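To keep things clear, I will list the structure first and then write my remarks on it.
Position 1 is the first residue of the sequence; numbering continues from there. Atoms within each ligand, like the ligands themselves, are counted from 1 in listed order. Since this is a predicted model, take the numbers as computed values, not measurements.
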Amino acid sequence: MPIFAERAYGGIVVDVDGNSFIDLGAGIAVLNVGSSAPLVVEAVTEQVQRFTHTCFQVTGFEGYIALAERLNALAPGTDEKRSLFLNSGAEAVENAVKIARSFTGRQAVVVFDHAFHGRTLLTMSLTAKAMPYKSGFGPFAPEIYREPFSYPYRCAGGAPPERCGEACADLAIASMDKQIGGNRIACLLVEPVQGEGGVIIPGEGFLPRLADYCKEHGIVFIADEVQAGMARTGKMFSCEHLGVVPDLLTTAKGLGGGLPIGGVTGRADIMDAIHPGGLGSTFGGNPVSCAAALGALSEIESRGLVSRAQEIGEIFKARLGNLGEQVPAVGDVRVIGAMAALEFVANPLTKEPDPAAASRVLAACHSEGVILLKAGTYDNVVRILPPLVISDDLLIEALSVLEKAVRAL
Ligand code: PLZ
């Protein structure tokens with residue numbers, strides 16, 4: 001967008017010309033606690049004044065440990081946990097794969113259609129979409145296998161939405177068995193709710209079936225919670241909606257309340273299996289970012305942002321839920337807490353994607369002062385990711401702008 005930010009607060013971005021925009025993008029699901037959230041600012045300010053850097057593997061400090069303990073306690077499952085901190089989502093995913101490979105002594109990594117996991121060589125190789133993420137940037141990392149993801153609106157198995165989870169799990173499992181062999185797979189890496197792919201919520205049974213397959217074959221199940229985690233979907237982690245407990249989960253984005261940090265949290269027996277010195281980073285888990293993350297977690301807890309995300313989801317459903325029936329160009333409306341999307345099609349029967357319609361809606365919203373994001377393998381999805389601290393009034397005002405732009409199609 002042709003906007004240069006001057007300041008931001010409570011779901012509003014003010015640009016250098018003094019224009020105000022309602023932010024339904026949150027810096028791509030980063031500002032869950034809002035921009036410059038008070039407890040983040042306070043924690044960062046205090047930390048910056050004490051010390052700015054040590055490199056945790058050289059000189060430890062309390063903030064890193066405190067953050068690890070908080071995440072270990074929040075991660076689903078009853079197993080003892082460990083956490084490692086890095087600088088970004090991509091680095092978190094890379095490290096999770098390294099850990100799974102080292103722990104299992106296996107190499108194969110299973111990922112899914114429509115997945116986004118980052119832009120470094122390994123994570124770009126794990127990401128599904130060629131343009132703009134991979135095109136011209138090969139060769140890619142080896143031993144990566146892609147399986148169908150349950151996308152109920154466009155089921156790869158040709159099943160109706162309510163059967164898509166089972167149908168796609170069948171396809172994925174048959175393909176893993178035949179093309180890789182379960183006992184060669186180090187890890188299965190999956191976004192429980194896909195973000196960049198277009199806010200795709202898998203059908204019932206899909207992830208539990210895959211998790212069972214992982215258990216049966218000693219495969220590490222990794223949930224990439226970089227985008228859908230940290231209260232975004234109305235649970236702390238999106239996998240909690242879907243009936244699975246991952247062995248490892250990755251975090252970033254919302255974790256740092258606006259400062260860069262990524263994390264891997266998971267089963268202690270897996271994390272502890274890595275040789276000393278095998279994992280590390282100069283800046284990973286920087287004290288200022290750890291302080292920010294502790295502040296962000298306190299914001300989530302003290303302001304009840306997990307349940308706020310559920311409320312936002314109800315507002316989305318009330319305002320946008322009927323658009324699919326009323327506007328033929330809206331093929332699908334998907335909502336999971338404060339993560340929502342409208343998928344545009346040229347024809348509701350053929351479901352032919354209509355990226356131009358999505359672009360028109362975005363342009364209309366931008367010119368009316370609402371920041372929104374595009375997504376989707378077919379570039380035909382408008383994604384809604386407000387800060388969880390946005391007021392009802394602002395949210396409803398922005399959704400009215402969106403609704404008007406959609407009806408104008
Ligand atoms: N895993 C699930 O969504 C980042 C990408 C922005 P980094 N998504 C936004 C862009 O265009 O590059 C993402 C994600 C999931 C991993 C990542 C990677 O996180 O912090 O951008 O490296």
Inset, instruction - Might you check, step by step, whether the distance between atom 19 (O) of ligand 1 and some protein heavy atom is under 4.0 Å? - result: yes
Legend entry - Heavy atom of the protein closest to atom 1 (N) of ligand 1 (residue, atom name, distance): D224 OD2, 2.7 Å
Inset, instruction - Pick out which of E225, Q227, M339 makes a side-chain contact (heavy atoms from CB on, under 4.5 Å) with S238. - result: E225
Inset, instruction - Assess the pair F85 and Y64: is the distance between their ring centroids shorter than 6.0 Å? - result: yes
Legend entry - Heavy-atom closest contact (T127 atom, G118 atom, distance): OG1-O, 3.2 Å
Inset, instruction - Classify the side-chain pair S298/R70 by whether it contains a donor and acceptor separated by less than 3.5 Å. - result: yes
Legend entry - Of the listed options G89, A29, G27, closest to atom 7 (P) of ligand 1 (non-hydrogen atoms): G89
Legend entry - Closest contact, heavy atoms only, N286 versus F61: C-CZ, 4.2 Å
Legend entry - Nearest-neighbour protein heavy atom for atom 22 (O) of ligand 1, which is reported as residue plus atom name and distance: A90 N, 2.8 Å
Legend entry - From Y378 atom OH to E352 atom CD, the distance as rounded to the nearest 0.5 Å: 12.0 Å
Inset, instruction - Could you say whether the N/O atoms of E191 and ligand 1 ever approach to under 3.5 Å? - result: no
Legend entry - Protein residue, atom and distance nearest to atom 6 (C) of ligand 1, heavy-atom basis: I28 CD1, 3.8 Å
Legend entry - E196, portion touching ligand 1 at heavy-atom distance under 4.0 Å: side chain
Legend entry - Within-4.5 Å side-chain heavy-atom neighbours: L24 and L399: yes
Inset, instruction - Report yes if R119 has an N/O atom closer than 3.5 Å to an N/O atom of ligand 1; otherwise report no. - result: yes
Legend entry - Nearest protein heavy atom with distance in Å, relative to atom 8 (N) of ligand 1: K253 NZ, 3.1 Å
Inset, instruction - For N87 and S281, test the side chains for any donor-to-acceptor distance below 3.5 angstrom and give the result as yes or no. - result: yes
Inset, instruction - Looking only at protein heavy atoms, identify the closest one to atom 3 (O) of ligand 1 and say how far it is in Å. - result: Q227 NE2, 2.8 Å
Legend entry - Closest protein heavy atom (residue, atom, distance) for atom 16 (C) of ligand 1: H117 O, 3.3 Å
